[in-house]
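See structure below.
The figures here come from the full heavy-atom set of this structure, side chains too, leaving out hydrogens, waters and symmetry mates. For reference, positions follow the sequence shown, starting with 1.
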Amino acid sequence: DVLKKEGKQEGIKEGTVDLLWRILIKKFPTIDRGYYQKINQLDLTTIEVISIDLLDMKDPKELEKYF
């Protein structure tokens, strides 16, 4: 049961990272691909905060404050 829950959480995180990355590419087509790895290392809560803050971002370098 614990393994199932951990697998589910990992799946949710993976899906959230992938969606966030697609949105980032759409908003900032020239974004450095290295940000993907950095985002992938963050916890789910931080990834969700980035997702919301992305609405106000003007430059992909604003992501640096989350790492």
Side-chain angles (χ1 to χ4, degrees):
D1 223 24
V2 172
L3 292 176
K4 186 176 179 181
K5 186 176 180 178
E6 287 177 9
K8 183 177 178 181
Q9 286 295 93
E10 185 60 32
I12 290 170
K13 180 183 174 189
E14 186 177 315
T16 304
V17 168
D18 287 345
L19 179 58
L20 175 59
W21 185 246
R22 283 182 273 175
I23 295 168
L24 281 165
I25 290 173
K26 178 78 172 173
K27 185 164 184 161
F28 306 116
T30 60
I31 190 170
D32 182 334
R33 302 302 187 229
Y35 281 117
Y36 181 84
Q37 291 301 323
K38 290 180 178 182
I39 291 169
N40 201 35
Q41 294 173 3
L42 297 172
D43 61 82
L44 186 56
T45 302
T46 304
I47 294 167
E48 290 171 346
V49 169
I50 292 171
S51 299
I52 294 167
D53 289 351
L54 178 61
L55 296 170
D56 298 321
M57 287 184 193
K58 304 288 184 223
D59 188 293
K61 293 183 182 188
E62 293 179 53
L63 291 168
E64 290 295 327
K65 68 181 177 184
Y66 302 100
F67 307 125

- Flag the pair L24 / R22 as yes when at least one side-chain heavy-atom distance between them is below 4.5 Å, and no otherwise. no

| field | Co-membership, hydrophobic cluster, residues L44 and L19, 4.5 Å side-chain | value | no

| request: Decide side-chain contact (heavy atoms from CB on, under 4.5 Å) for D56 and E62; before the verdict, give the C-alpha distance in whole Å, the side-chain angles of both, and the deciding distance to 0.1 Å. | output: CA-CA 10 Å; D56 298 321; E62 293 179 53; over 6 Å; no

From the list Q9, E14, E10, side chain to side chain contact (heavy atoms under 4.5 Å, CB included) partner of I12 resolves to Q9

Minimal heavy-atom distance between L55 and K27, with the atoms involved, is O-NZ, 3.5 Å

Here the gap from L20 atom CG to I50 atom CD1, rounded to the nearest 0.5 Å, amounts to 6.0 Å

Residues I47 and L42: closest non-hydrogen pair is CD1-O, 3.6 Å

Exercise. Counting only N and O atoms by type, is there a donor-acceptor contact under 3.5 Å from the side chain of K13 to the main-chain atoms of N40?
Worked result: yes

Whether K38 side chain and F67 backbone form a donor-acceptor pair below 3.5 Å: no

Starting from the C-alpha separation in whole Å, work towards a yes-or-no answer on side-chain contact (heavy atoms from CB on, under 4.5 Å) for K58 and F28.
CA-CA 9 Å; K58 304 288 184 223; F28 306 116; 5.9 Å; no

Correct closest heavy-atom pair for Y35 and K61 would be OH-CA, 3.7 Å

Rounded to the nearest 0.5 Å, the CG atom of L3 sits from the NZ atom of K8 at a distance of 15.0 Å

All heavy atoms of Y36 vs all of V17, minimum pair found to be CE1-CG1, 3.8 Å

I'd like to know whether K4 forms a side-chain contact (heavy atoms from CB on, under 4.5 Å) with V2, so could you lay out the CA-CA distance, the side-chain angles of the two residues, the decisive distance to 0.1 Å, and finally the verdict. CA-CA 5 Å; K4 186 176 179 181; V2 172; over 6 Å; no

Cluster overlap I39 with I23, hydrophobic side-chain contacts below 4.5 Å: yes

Here the side-chain hydrogen bond (donor to acceptor under 3.5 Å, both in side chains) pairs for residues 42-53, sequence neighbours left out, are D43-T46, D53-Y66

